[in-house]
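What follows is a single structure, written as structure tokens, with notes after it.
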Amino acid sequence: MASLERRGKQLGIVVDDGRALVVQLGMSGQLLVMHEAPATHRHVTWSLSGRGAEVLVFRDPRRFGGIVPHGRVQAMLDRWERELGPDGLDTARAPVERLCRGARHVKAALLDQSLVAGIGNIYADEALHAAGIRPSRRCNRLTHDEAARVLEEARRIMRRSVSQGGTSLRDHVLPQGDPGAARRLIQAYGRTGLPCHGCGLPLKGGRIAGRATTWCTKCQR
DNA sequence: GGCAGCCTGGTT
DNA sequence: AACCAGGCTGCC
């Protein structure tokens, strides 16, 4: 194995001969490095040279994930450039202007990987809550400052969460099999009916952009 | 845009 | 037994 590439939720494993594998974890996928491969939902097992008897395993109970081979790294990178927006962790390239365009709900735009890559349902709710913006707000009703703020909050929250090992609710685990610790940072996602940490009022739940959504009707406008 | 569908497993 | 879930694609 030569190197790893990543853009948003796409992970590229580049091997020495220049070919690449794109791993998409989907909703339940796991990449594990272990001495003994897990017994269930094991889809691919690679043996790792120079790491004793350890193996790299792609495990995916729900099978929403997948692996796409590319003959050359550049083909993978070209495709990412075509289909994905700038990575959500990238400050310099935050697509503020683009987020202000169109009549769709801002939450739908945040989940659109071709606009900004890497934001999923949890971080969309968290970023909108932190930025004080209702998920149902139309993009073309956002001020430039609001669009910048929500992208900045998404970046900050994801960065912090990743540094804690990620937001493990059910299936996400780190390569050694341990859950990430960022679940305790959650302010909004999945807290429908529980008090808002900003104002104390119960958070509202609903469906926006086809996804379970939680927000505060007072703190988020 | 929304929404069904892909799959399995956990919860109500 | 029915419903729900962290993602994404493709169809209306």
Side-chain angles (χ1 to χ4, degrees), chain A residues 6-12 21-32 38-44 57-70 76 79-80 82-85 87-89 98-129 134-142 154 157-162 164-175 177-194 203 205-215:
Chain A
R6 185 192 64 78
R7 181 149 168 173
K9 293 180 268 198
Q10 311 287 312
L11 178 66
L21 291 174
V22 174
V23 178
Q24 299 172 292
L25 296 177
M27 292 204 276
S28 62
Q30 305 170 335
L31 278 175
L32 304 164
T40 58
H41 311 299
R42 190 182 65 239
H43 298 299
V44 184
V57 172
F58 175 58
R59 179 176 184 269
D60 185 15
R62 268 182 83 185
R63 297 204 245 167
F64 273 42
I67 297 183
V68 180
H70 286 274
M76 174 187 84
R79 179 160 179 190
W80 286 359
R82 261 196 329 273
E83 299 179 357
L84 300 176
D87 188 275
L89 293 175
R98 285 190 65 198
L99 183 56
C100 295
R101 288 208 285 269
R104 64 180 167 173
H105 296 137
V106 59
K107 170 149 177 178
L110 291 177
L111 292 172
D112 179 353
Q113 302 299 297
S114 73
L115 179 65
V116 52
I119 302 177
N121 200 34
I122 296 174
Y123 297 130
D125 277 10
E126 293 302 302
L128 287 164
H129 185 261
R134 261 185 217 225
S136 59
R137 185 94 76 80
R138 306 282 168 177
C139 288
N140 54 17
R141 316 297 303 217
L142 289 170
I157 290 163
M158 290 196 293
R159 192 164 170 240
R160 185 142 176 253
S161 298
V162 169
Q164 302 270 312
T167 308
S168 296
L169 297 177
R170 160 161 280 138
D171 296 301
H172 166 69
V173 289
L174 294 162
D178 315 303
R183 184 178 187 166
R184 60 184 178 74
L185 302 176
I186 286 181
Q187 303 287 306
Y189 173 81
R191 295 190 65 250
T192 298
L194 295 171
L203 293 169
R207 251 185 135 68
I208 294 171
R211 314 297 302 277
T213 303
T214 302
W215 72 98

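First the proteins, then the strands, lettered A, B, ... as listed; each starts at 1.
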(request) Rounded to the nearest 0.5 Å, what's the gap from CZ on A:R184 to CD on A:Q164? Could you check? (result) 4.5 Å
Is there side-chain contact between [X] and [Y], with heavy atoms separated by less than 4.5 Å?
X: A:E126; Y: A:I186; answer: yes
X: A:Y189; Y: A:L169; answer: yes
X: A:L21; Y: A:P69; answer: yes
X: A:H41; Y: A:D60; answer: no
X: A:V173; Y: A:R59; answer: no

(message) Tell me which one of A:R134, A:K107, A:H105 satisfies side chain to side chain donor-acceptor pair (under 3.5 Å) with A:T213.
(response) A:K107
Counting any heavy atom closer than 4.0 Å, what does [X] reach on the DNA or RNA strands: base, sugar-phosphate only, or nothing?
X: A:R183; value: nothing
X: A:Y123; value: nothing
X: A:G210; value: nothing
X: A:T167; value: base
X: A:L169; value: base

(request) Map every base of DNA chain B to its dot-bracket character, where paired means a Watson-Crick or G-U wobble contact with both distances under 3.5 Å and | marks a partner outside the strand. (result) ||||||.|||||
Integer-rounded Å distance: [N] [atom2] and [X] [atom1]:
X: A:K107; N: C:dG7; atom1: NZ; atom2: C1'; value: 12 Å
X: A:K9; N: C:dT9; atom1: NZ; atom2: C1'; value: 14 Å
X: A:D171; N: C:dA5; atom1: CG; atom2: C1'; value: 9 Å
X: A:E83; N: C:dG7; atom1: CD; atom2: P; value: 18 Å
X: A:I67; N: C:dG7; atom1: CD1; atom2: P; value: 19 Å
X: A:L110; N: C:dC8; atom1: CG; atom2: P; value: 14 Å
X: A:Q10; N: C:dC8; atom1: CD; atom2: P; value: 7 Å
X: A:L84; N: C:dG7; atom1: CG; atom2: P; value: 14 Å

(request) Report, as yes or no, whether the 6.0 Å neighbourhood of atom CZ on A:R138 holds more than 12 heavy atoms from other residues, nucleotides or ligands. (result) yes
(request) Answer yes when A:R6 and A:D87 have at least one side-chain N-carboxylate O distance shorter than 4.0 Å, and no when they do not. (result) yes
(request) Sugar-phosphate atoms are those with a prime plus P, OP1 and OP2; base atoms are the rest. Using that split, label each nucleotide of nucleotides 6-12 of chain B B, S or - for protein heavy atoms under 4.0 Å, 5' to 3'. (result) BBBSS--
(message) Side chain of A:R207, heavy atoms from C-beta onward: which of C:dG7, C:dC8, C:dA5 has the nearest atom to it?
(response) C:dA5
